[in-house]
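Presented below is the structure to which this report refers.
Numbers for residues simply follow the sequence, beginning at 1. When a ligand or atom number is given, it counts from 1 through the structure's own listing order.
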Amino acid sequence: MKKDLASQLSRPAISVVIPILNERESIESLYLLLRHTLESMRGGYEIIFVDDGSTDGTFQVLQAFQENDPCLRVIQLRRNFGKTAALNAGFKRAQGEMIITMDGDLQDDPAEIPKLLAKLDEDYDLVSAWRYERKDPLSKTLPSRIFNGVVCTLTGVKLHDLNSGLKAYRREVIQHLKLYGELHRFIPILAHWQGYRIAEVRVTHHPRKYGRSKYGLKRLGGGFMDFLTVLFLTCYLRRPLHLFGTVGSLLFLFGFGIGVYHVVLWFKLGGIGFRPLLFVGILAMIVGVQITSIGLLGEMIRNLAYHPEEEYSIRRFLG
Ligand code: UDP
Ligand code: MG
């Protein structure tokens, strides 16, 4: 009892955050396995389950465990807000110096947590699990492989498995992540962009034993839009005119060149009539000016929303 009170008052070394939606059958085994792993580790721990609007009695099971375990916290969201929001709710309340996230469906193995934390100790800020031999159907693994390949090539982040639920973070990483929509899939990209050091370790993965996957093929379309957002944010958030101004100016110059060509024709031949190319040129100039203007608007927003402390990220102070 004394020990429990002490661990409640001081901050635990490890917080495990688990977003959970309708995973009633998995909870007991997951909870017991987690406790088994965490109790053998030093520094104290807390487990935070975030019930993301479950309707299958998940919350009642969690509540029953919570009544007898001061290291267990349960957050119940009013409705299903999505995995990103659930992670945010858990992060906000996590007190540990290191934060572990994992899925609540028993596909991630709690026994792998020490491996992730050991890697974090090698002076990394975020360690992502690489589900080596992922135990999911081809309809999930194939799009995921393509997603990982495209995203990693275009962003320069060298990971094999971006979207694994099992990850370990240093506290400062989660404090600086801005997660919304479905951006949880891009956490390593966003963290890498902020200058955090990222690594991955191979972990075992299990097939889903109970319940159903919450993500189907329909996430692909949305995933592409999210990727566009992330690409834009990581490349041009701080200098929107560099993107819009470049595209707009090139388009304008293209249209202007066509215009000059028609002026020459006009002098040589007299009338230039309704040549289709003339219209292409006019259109390109108008759209070019508009795209450049969007960039200028972006710069105005950037200026008004300026926060000096968001312009950089400090790794450490000396002295
Ligand atoms: N999840 C959640 N809210 C949602 C969808 C999923 O909290 O809206 C949880 C889910 O309960 C699980 C984790 O996020 O713990 C990963 O979901 P799932 O296993 O269905 O994804 P998959 O492994 O099939 O990609
Ligand atoms: Mg799963």
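Counting heavy atoms under 4.0 Å from ligand 1, residue I18 does not touch it at all. Proximity of D52 to ligand 1, defined as any heavy-atom pair under 4.0 Å, is confined to the side chain (atoms from C-beta onward). Contacts between E23 and ligand 1 below 4.0 angstrom, taking non-hydrogen atoms only, involve the side chain exclusively.
In this structure, the protein non-hydrogen atom closest to atom 21 (O) of ligand 1 is Y215 CD1, 3.4 Å. When hydrogens are left out, the protein atom nearest atom 23 (O) of ligand 1 is Q107 OE1, 3.4 Å; that is the closest non-hydrogen contact. For atom 14 (O) of ligand 1, the closest non-hydrogen atom on the protein side is K83 CD, 3.4 Å. Among all non-hydrogen protein atoms, the one lying nearest atom 9 (C) of ligand 1 is P19 O, 3.6 Å. Nearest protein heavy-atom contact of atom 15 (O) of ligand 1 is G104 N, 2.7 Å. Given atom 19 (O) of ligand 1, the protein heavy atom at minimum distance is D105 OD2, 2.5 Å. Looking only at heavy atoms of the protein, atom 24 (O) of ligand 1 is closest to S213 OG, 2.6 Å. Taking atom 7 (O) of ligand 1 as the reference point, the nearest protein heavy-atom neighbour is I20 N, 3.3 Å.
When every heavy atom of A199 is checked against every heavy atom of K119, the shortest pair comes out as CB-CE, 3.8 Å. L190 and K178 make their closest contact through CD1-O, 4.4 Å (heavy atoms, listed as atom of the first residue, atom of the second, distance). Listed here is the closest heavy atom pair of N22 and T55: OD1-N, 2.6 Å. Listed here is the closest heavy atom pair of A94 and I99: CB-CG1, 4.0 Å.
Residue K140 has at least one heavy-atom neighbour below 4.0 Å for each of these atoms of ligand 1: 22 (P), 24 (O), 25 (O). The atoms of ligand 1 that sit less than 4.0 Å from any heavy atom of N80 are 3 (N), 4 (C), 8 (O).
Ring pair Y169/F91: centre-to-centre distance below 6.0 Å.
Among pairs with a residue in residues 105-134, those fulfilling ring pair (Phe, Tyr, Trp, His ring centres under 6.0 Å) read W130-Y132, W130-H160, at least two apart in sequence or across chains.
Look at K214 and E23 and you find a salt bridge, because one of the NZ, NE, NH1 or NH2 atoms lies within 4.0 Å of a carboxylate O, short of that distance. Using a cutoff of 4.0 Å between basic side-chain nitrogens and carboxylate oxygens, K167 and E112 are not scored as salt-bridged. A salt bridge is absent between R170 and E97; no separation between the charged side-chain nitrogens and carboxylate oxygens falls under 4.0 Å.
The N/O atoms of A86, backbone and side chain alike, include none that comes under 3.5 Å of an N/O atom in ligand 1. Considering backbone and side-chain atoms together, R208 places an N or O closer than 3.5 Å to an N or O of ligand 1. Inclusion of K214 in the set of residues having an N or O under 3.5 Å from an N or O of ligand 1 is warranted.
A parallel orientation is assigned to the rings of Y196 and H176, their planes being inclined by less than 30° (bins at 30° and 60°).
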Inset, instruction - Apply salt bridge (charged side-chain N to carboxylate O under 4.0 Å, His left out) to the pair E310 and R238, showing each step before the final yes or no. - result: CA-CA 10 Å; E310 288 192 355; R238 301 208 164 118; over 6 Å; no
Inset, instruction - Start with the C-alpha distance between K83 and D52, add both sets of side-chain angles, then the distance that settles salt bridge (charged side-chain N to carboxylate O under 4.0 Å, His left out), and finish with yes or no. - result: CA-CA 7 Å; K83 190 174 171 183; D52 185 18; over 6 Å; no
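Annotation: cation-pi pair R208/Y210 absent, no NZ/CZ under 6.0 Å from the ring centroid and within 45° of its normal.
Closest to atom 16 (C) of ligand 1 by heavy atom, among N22, L30, D103, L21, is D103.
Among protein atoms, those of element N, O or S found less than 2.8 Å away from the Mg ion (ligand 2) are D105 OD2, Q107 OE1.
Side-chain contact, S213 with K140: a donor N or O sits under 3.5 Å from an acceptor N or O. Between the side chains of E311 and Y306, no donor N or O sits under 3.5 Å from an acceptor N or O.
Note on ligand 1: G82 sits in its first shell, one or more heavy atoms being nearer than 4.0 Å.
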